[in-house]
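Here's the structure we're looking at; comments come further down.
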Amino acid sequence: MKYTLMINEGPYQHQSSDTALQFARAALEKGHEIYRVFFYHDGVNNGTRLSAPPQDDRQIQKEWSELAKQHDLDLVICIAAAQRRGLMDADEAKRQGMDADNIIEGFRISGLGQLIEGGIQADRTLVFGD
Amino acid sequence: MAMLHIVNKSPFERVAFESCLNHASAGDSILMIEDAAVGAVKNTRFSESIEAALKDKSVYVLSGDLAARGLSEDRIITGVTAVDYAGFVDLTVDNDTTQSWL
Amino acid sequence: MATKKFMFVNRKAPYGTVYALESLEVVLISAAFEQDVSLAFIDDGVYQIAKGQDTTGIGQKNFSATYKALGDYEINKLYVEKESLEERGLTLDDLMDLTWEDEDDDYEEKPSIHLVDRADMAGIMAQQEVVISF
């Protein structure tokens, strides 16, 4: 099966990103394909590299980043939601005249069309949110 | 076409769970995750609604979420099945679509 | 690209959280993909299309007029649940007049809002292939 996952809440604030991570791992372990993970609303905060949780806590952004590296996942942050919340890649930071970017490796910023296209291409679309 | 309904809200706090039960069709499956796991327990204000749903639907609870909230599997309503994340994945395969009740 | 039945489910009131606004942004983008799109307004989602929204007192942009543009993008299946309205003391008259022009019928203006009861809503949901909830 081919999956598109949508994640609508930020890490730590809500369990949805944790649940989606566990789901993605379980699906990959069973030989399914994750076609795309689309981060929307505050979910875009899953893509920051400037997160420094206490040492005994999980590192959600890093876990997504590493899972993407291992399985060549397409992790997409919605550009409109990201602009509102201060998530930038280098190109976007330059375009907006910002002094820094903060996106973690393995994520890319793109448009909402990626969510719809993901829904069309995947066999199953799952939403994780609040 | 069967649908997997995924609920993540405690039925004691929000109407999402009730709304899900009101819109699920016969033959559908309902999976309780995150805070919704507390709804799987027997002898609660909500358990009769789940028992009614079990007449023509399948009901599941994510075991990790149940355990995280201090609830053991012997507390769950008869007929409700505990699944792990692998079981969650299988439910999305067995049903044609999913709907999350956020 | 394949055509799928997409449903966007709205269950939350506008302004208190960003879900209604950002849901609308998704719906508008979906129009470009020529999919079979429908919207469901249930529970507090019915407030999203209430008429007379005035946000001057809360410092937020009133985005309710955008729903009126949906018809221009041929998004004209807005299913509103009768029971959700009734539970909130609302009727169809409390909602905006949302319409679309049917080019196959001499551009006749037709209502986009379809009032359905709970059982019908469940039936419409059961036919969908992709359900995105907010």
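Order of the sequence lines fixes the chain letters, A, B, ..., with proteins taken first and strands second; residue numbering starts at 1 for each chain.
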Given a strict heavy-atom distance threshold of 4.5 Å, which part of B:A2 is in contact with chain C: side chain, backbone, both, or neither? neither
C:Q127, part contacting chain B, at a heavy-atom distance under 4.5 Å: backbone
Looking at NE2 of B:H23 and CG of C:D43, how far apart are the two atoms once the value is rounded to the nearest 0.5 Å? 7.0 Å
Side chain to side chain contact (heavy atoms under 4.5 Å, CB included) evaluation trace for B:T97 with C:M125: CA-CA 10 Å; B:T97 49; C:M125 283 174 171; over 6 Å; no
More than 12 non-hydrogen atoms from neighbouring residues, nucleotides or ligands closer than 6.0 Å to NZ on C:K68, yes or no? no
Heavy-atom cut-off 4.5 Å, strictly under: side chain, backbone, both or neither for B:S25 against chain C? side chain
Taking side chain as C-beta onward, heavy atoms only, is B:V15 less than 4.5 Å from C:R11? yes
More than 12 foreign heavy atoms under 6.0 Å from CD of C:E86: is that the case here? yes
Given heavy-atom pairs under 4.5 angstrom as the criterion, report whether the side chain, backbone, both or neither of C:I42 touches chain B. side chain
More than 12 heavy atoms of other residues, nucleotides or ligands under 6.0 Å from OH of C:Y73: yes or no? no
Indicate yes or no for a side-chain donor-acceptor contact from C:S133 to the backbone of B:L102 under 3.5 Å, with no hydrogens or angles considered. no
